[in-house]
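Just so we're on the same page: letters track the sequence lines, and every chain starts at 1.
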Amino acid sequence: MNLKKGNNTDTPDRNGRVEFEQGIYLDYSATTPCDPDVVKEMFDSYKVFGNPHSITHAYGWDATALVEESRTKFANVINCSPREVIFTSGATESNNIAIQGVIRSRLDNGVAPKDIHIITTKIEHKATLETCLAMESMGIRVQYVPVQNNGIVDLKALEKAFTDKTLLVSIGWVNSELGVVQPIKAIGEMCEAKGVLLHVDAAQALGRIKIDLSDINVDLMSFSAHKFYGPKGIGALYVKKRTKISPIVFGGKQEKGLRSGTIPLQLCVGLAKAAELAENLRSDEYERMTKMQKYIVDNLTKELADIYINGDLKDRIPHNLNISFGYVEGEALMMKLKGYALSSASACSSTTLQPSYVLEAIGVDEDLIHTSLRIVLGRYTTYENVYNFVDDVIKAVNELREMSPLWDMKKSGVDLKQVKWHTH
Amino acid sequence: MNLKKGNNTDTPDRNGRVEFEQGIYLDYSATTPCDPDVVKEMFDSYKVFGNPHSITHAYGWDATALVEESRTKFANVINCSPREVIFTSGATESNNIAIQGVIRSRLDNGVAPKDIHIITTKIEHKATLETCLAMESMGIRVQYVPVQNNGIVDLKALEKAFTDKTLLVSIGWVNSELGVVQPIKAIGEMCEAKGVLLHVDAAQALGRIKIDLSDINVDLMSFSAHKFYGPKGIGALYVKKRTKISPIVFGGKQEKGLRSGTIPLQLCVGLAKAAELAENLRSDEYERMTKMQKYIVDNLTKELADIYINGDLKDRIPHNLNISFGYVEGEALMMKLKGYALSSASACSSTTLQPSYVLEAIGVDEDLIHTSLRIVLGRYTTYENVYNFVDDVIKAVNELREMSPLWDMKKSGVDLKQVKWHTH
Amino acid sequence: MHKYNDKINAMFENPVNVGSLDENDPNVGVGFVGSPACGDVLKIFIKVDDEDRIVDVKFKTFGCGSAIASSAVLTQKVMGLTLDEAKKITNKEIADELALPPIKTHCSVLAEEAILDAIYDLLKKRKVCKVDQTG
Amino acid sequence: MHKYNDKINAMFENPVNVGSLDENDPNVGVGFVGSPACGDVLKIFIKVDDEDRIVDVKFKTFGCGSAIASSAVLTQKVMGLTLDEAKKITNKEIADELALPPIKTHCSVLAEEAILDAIYDLLKKRKVCKVDQTG
Ligand SMILES: Cc1ncc(COP(=O)(O)O)c(C=O)c1O
Ligand SMILES: Cc1ncc(COP(=O)(O)O)c(C=O)c1O
């Protein structure tokens with residue numbers, strides 16, 4: 001585990017399969033390249049072109065067979081019954097079906113909006129938060145339980161949040177910005193004890209941590225293929241049998257009536273293949289990422305003062321590091337790191353000029369929010385990439401601090417908290 | 001135009017590119033094979049893998065560029081501004097966004113459900129009808145205007161259906177079962193005069209008839225790539241600028257906030273390429289299909305008594321023929337025509353055992369509903385296929401009539417309408 | 001059409017006993033059930049000998065593949081049976097023989113009804129004849 | 001980070017006039033605007049000669065690429081100007097020079113504010129000095 005530069009020459013056997021012409025990709029939580037083996041399998045499957053909904057000829061039957069084979073493959077990866085898997089267009093749609101669908105089934109049964117209470121956190125993905133917001137505007141009660149400063153859900157606060165009207169808890173398993181891993185098993189037990197449904201957004205989890213649905217009490221779980229080296233445009237929703245849920249989109253009643261629309265069979269093939277591959281590579285990748293993460297943390301903290309890792313350092317996936325580099329603005333740092341593709345929580349890197357609500361929610365000092373970088377390693381990251389990256393970060397941070405008025409102030413002992421800023 | 005067996009040896013240049021191992025495919029309205037050129041272009045595009053939503057690096061910018069290029073290509077095909085095109089997962093989702101979204105924008109503004117009136121017909125695709133049904137259950141008023149016996153919307157009845165609360169008219173341009181073409185230009189003029197929004201489901205129209213959005217008054221139009229030799233899992237919705245519409249799925253606010261979720265860029269590339277190709281081939285195909293249709297109609301009507309073509313014979317696409325073969329059950333006929341992939345309106349061919357609501361709605365005699373076959377020609381249909389098909393149909397119908405008790409009765413002059421049936 | 005098993009396909013493609021018998025023959029009973037609007041009409045002809053044993057049987061069917069196959073199987077099953085034995089044929093026997101998909105069970109039900117109707121027709125005919133003879 | 005044009009990139013990568021001047025020099029004015037919480041802090045130092053002409057200018061900036069580029073362009077623009085001329089610099093000039101994307105206009109606004117603040121600082125300093133001298 002004590003990685004030293006130069007003594008880890010093993011590269012994953014999938015290296016060199018994807019070309020990275022625009023620099024070293026370190027943004028594997030935004031999306032992943034579709035693995036060439038997955039692309040190939042999808043490509044080959046285009047000769048099966050029937051509509052799985054066509055029941056009058058072999059083209060339709062073959063299409064159905066391929067869809068069901070894919071469903072079974074995927075179900076095996078997450079260890080549930082194929083009947084509990086429905087295909088969607090991605091995790092955004094899965095989250096919406098889960099949250100809106102469960103609520104709608106109660107509304108359809110005559111329950112008043114104000115008598116429906118759901119619980120989530122402030123650090124969820126927008127696909128969850130914006131859906132909850134829309135539900136609030138319909139009169140549904142939504143409670144946002146606080147997370148601790150390390151980004152982990154406060155189980156006591158969660159327990160207190162339940163009311164006798166609580167219908168659903170929706171929590172992301174692995175947070176996309178922080179990489180922290182929530183205690184889903186414990187949350188599942190709590191929900192089961194309270195008789196409350198649990199929806200888990202596992203978009204960032206598959207391929208990174210073990211997902212075994214027979215081992216946890218979860219009613220709904222969202223997935224997205226492009227997060228695990230599969231194609232964009234397909235996801236899945238696990239719906240535990242007997243879960244009461246209504247559709248939000250209407251039509252030909254495909255996918256047990258929960259998700260109407262022609263089933264995109266090539267994408268199903270891709271999702272299943274990608275999930276299998278991701279699960280097969282998972283533990284080796286976990287080990288590799290753990291070494292890389294340790295190398296980055298050890299070396300950056302040794303060489304640079306005033307850097308802070310956001311999110312728990314233990315309860316996180318090793319793939320993700322979210323770091324605040326004091327006195328250095330995140331976007332400028334990314335521009336210095338021209339050879340790398342990264343993302344930042346800085347307002348300057350967003351289209352909205354709003355800094356990260358996630359960092360805000362875990363209480364990151366407002367002076368530090370703009371100094372954060374998200375570094376996400378993945379399947380095609382090599383040790384060499386990591387060694388170079390660390391050297392380049394150190395150099396870039398030092399250069400930017402040289403031109404930072406805040407760094408001057410800090411060196412001369414000024415407490416930035418006491419400064420009266422001229423803001424407009 | 002006077003096609004005779006044997007004297008049309010020209011085959012479309014795209015023949016032989018798709019293998020039809022399961023028989024001659026004559027179900028091009030259910031879905032189409034993805035054109036090999038489209039598959040190839042998508043396949044090549046997998047090297048661009050960034051998330052178009054990633055604005056901090058070149059992988060994201062390249063992805064955005066490709067998405068926007070695809071959007072522009074598609075907009076050029078339908079002659080609108082690229083800003084008026086949003087990508088969806090298919091026509092089912094497009095119809096849902098259009099209908100639910102327009103209604104939701106009014107509900108969001110405090111309009112009461114009962115003060116919202118929408119108009120559609122009884123022959124729409126389920127993606128429209130089921131959505132309208134769901135809207136009705138929310139208290140929205142939905143009026144189903146009758147269509148004439150030829151399947152064409154009765155413009156007078158439509159005109160009468162408008163009330164001062166009418167918000168939206170939703171009509172399919174080309175009916176998927178009948179192939180009839182609705183007078184969208186006239187309907188658009190009527191809607192414009194009334195100040196009512198018009199949504200057109202054009203899933204079956206693109207590539208078959210000219211779509212020029214600058215020439216008609218339509219506010220929303222749905223498309224689905226797999227209906228025009230593109231990939232499954234992507235569609236589009238044209239939203240005329242300044243149309244008031246709210247999203248139905250919430251998240252990262254992609255596609256102007258109207259359709260959240262990571263944009264599936266490979267599918268966008270496929271949709272655009274397929275649309276271009278379909279438009280380029282459109283008029284040649286139209287001519288070819290017209291000849292084929294005429295050959296089929298001429299020969300079947302010459303050789304077989306008691307056959308009826310459903311839907312207007314003039315206002316239809318030449319690709320589609322929906323025929324009732326009196327005294328012969330549709331599924332059995334399909335089974336006799338083993339070498340062909342067809343669909344039927346028979347209850348026996350559906351998963352629900354409900355016969356076609358479309359044929360019912362245009363007043364097809366209940367005795368004939370079960371005798372109908374839908375024959376849809378397409379890009380890879382050859383003249384030879386058609387010649388053989390006609391011969392085989394004639395043979396199959398005669399064979400089945402030989403074993404049909406109804407055919408015996410008809411021959412001996414019994415009026416089936418007067419028979420008292422022993423039904424259970 | 002559904003994806004049928006080989007038995008149904010084979011029976012549909014080469015159905016035995018298609019045809020008709022002389023309806024005016026006093027030893028022929030005709031069963032006639034279903035309706036065009038429901039999508040299947042089944043007509044079965046049975047001819048019995050003096051011991052009420054079925055010695056000939058034919059059918060004509062308007063209906064889907066399962067309906068035709070069920071009709072044919074019915075004719076195979078009743079051939080050689082006495083009327084009393086034929087009465088006991090159940091739809092389940094036919095459905096099992098063809099391994100009909102559940103959604104097609106009604107085809108076997110119709111076949112069962114058809115044979116009962118034919119037997120009824122025969123008995124009715126005889127009664128009328130008897131009345132005629134004794135009257 | 002947005003996809004910037006070459007001008008912004010070049011100016012960010014090789015910014016001119018980074019550094020600082022002696023704040024205690026009576027001919028040096030310091031502009032200091034922005035806040036860490038807002039994501040940009042700009043500090044500009046101008047040094048004038050006897051004719052109030054800017055003869056030296058330096059900056060330090062905490063901020064995004066546009067903020068750094070805007071700061072550098074500002075220093076280029078004011079170099080050699082009199083204070084009266086420098087006062088007239090508008091954010092638009094800076095934004096135009098760099099072809100800033102609209103979402104980054106605030107960076108040029110901050111630059112404009114910085115130079116005004118520096119001039120103000122200089123004038124304030126002099127007034128204090130004058131008061132001292134005459135008092
Ligand atoms: C945790 C999480 N949920 C949902 C989503 C949305 O997924 P999709 O892009 O498939 O809609 C993402 C990724 O963007 C995510 O990271
Ligand atoms: C007229 C029409 N509308 C909508 C649809 C649904 O399209 P999709 O399969 O893309 O959801 C279809 C095809 O099934 C159709 O024919």
Side-chain angles (χ1 to χ4, degrees), chain A residues 22 27 324-338 340-356 359-360 364-373 396 399-412 414 416-417 419-424, chain D residues 1-4 8-20 23 30-45 58-72 75 91 100-107 109-114 116-118 120-121:
Chain A
Q22 310 271 15
D27 200 9
S324 295
F325 296 88
Y327 317 109
V328 170
E329 200 275 336
E331 191 206 276
L333 182 53
M334 281 195 293
M335 280 179 78
K336 277 275 174 207
L337 294 166
K338 248 188 337 185
Y340 303 88
L342 294 154
S343 88
S344 125
S346 167
C348 280
S349 65
S350 82
T351 41
T352 59
L353 287 188
Q354 280 200 311
S356 163
L359 296 185
E360 235 167 66
V364 170
D365 191 320
E366 54 171 9
D367 292 4
L368 284 174
I369 286 188
H370 292 277
T371 73
S372 310
L373 221 62
E399 278 176 23
L400 287 170
R401 282 182 176 171
E402 270 317 297
M403 59 191 291
S404 167
L406 305 178
W407 182 245
D408 283 346
M409 290 162 84
K410 123 103 201 194
K411 279 190 301 182
S412 53
V414 176
L416 294 183
K417 290 277 161 238
V419 175
K420 216 187 143 290
W421 301 100
H422 310 228
T423 50
H424 39 179
Chain D
M1 148 176 106
H2 295 255
K3 188 173 184 172
Y4 287 135
I8 301 179
N9 283 331
M11 197 49 104
F12 169 78
E13 276 160 38
N14 293 300
V16 293
N17 302 323
V18 175
S20 42
E23 301 194 26
V30 181
F32 189 50
V33 294
S35 80
C38 288
D40 27 35
V41 176
L42 207 155
K43 194 166 188 176
I44 187 168
F45 306 79
K58 297 279 178 215
F59 80 93
K60 289 218 167 179
T61 291
F62 163 86
C64 64
S66 298
I68 290 173
S70 297
S71 309
T75 61
N91 79 295
L100 281 186
I103 201 170
K104 294 293 187 180
T105 310
H106 69 279
C107 294
V109 172
L110 210 66
E112 181 189 317
E113 287 175 359
L116 291 178
D117 195 45
Y120 175 72
D121 181 59

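- Distance CG/A:D367 to SG/D:C38: 10.0 Å, rounded to 0.5 Å.
- Across all non-hydrogen atoms, the minimal contact from A:A332 to D:F12 is O-CZ, 3.3 Å.
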Is there a side-chain contact (heavy atoms from CB on, under 4.5 Å) between A:E329 and D:V41? Walk through the geometry before answering. CA-CA 10 Å; A:E329 200 275 336; D:V41 176; over 6 Å; no
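- In terms of heavy-atom pairs under 4.5 angstrom with chain D, the leader among A:E366, A:M403, A:R401 is A:M403.
- Contact of A:D408 with chain D is made through the side chain alone, with heavy-atom distances under 4.5 Å.
- Across all their heavy atoms, D:F62 and A:L406 have their closest contact at CG-CD1, 3.4 Å.
- The side chain to side chain contact (heavy atoms under 4.5 Å, CB included) with D:E13 is formed by just one residue from the set A:K338, A:K336, A:M335; it is A:K338.
- Residue contact with chain A, scored on non-hydrogen atoms closer than 4.5 Å, involves the backbone and the side chain of D:F32 alike.
- Minimum interatomic distance between D:G34 and A:W421 (heavy atoms only, all atoms of both residues): O-CE3, 3.4 Å.
- At least one donor-acceptor pair closer than 3.5 Å links the side chain of D:K60 to the backbone N or O of A:E402.
- Within the model, atoms CD of A:E331 and NZ of D:K104 stand 4.0 Å from one another, a figure rounded to the nearest 0.5 Å.
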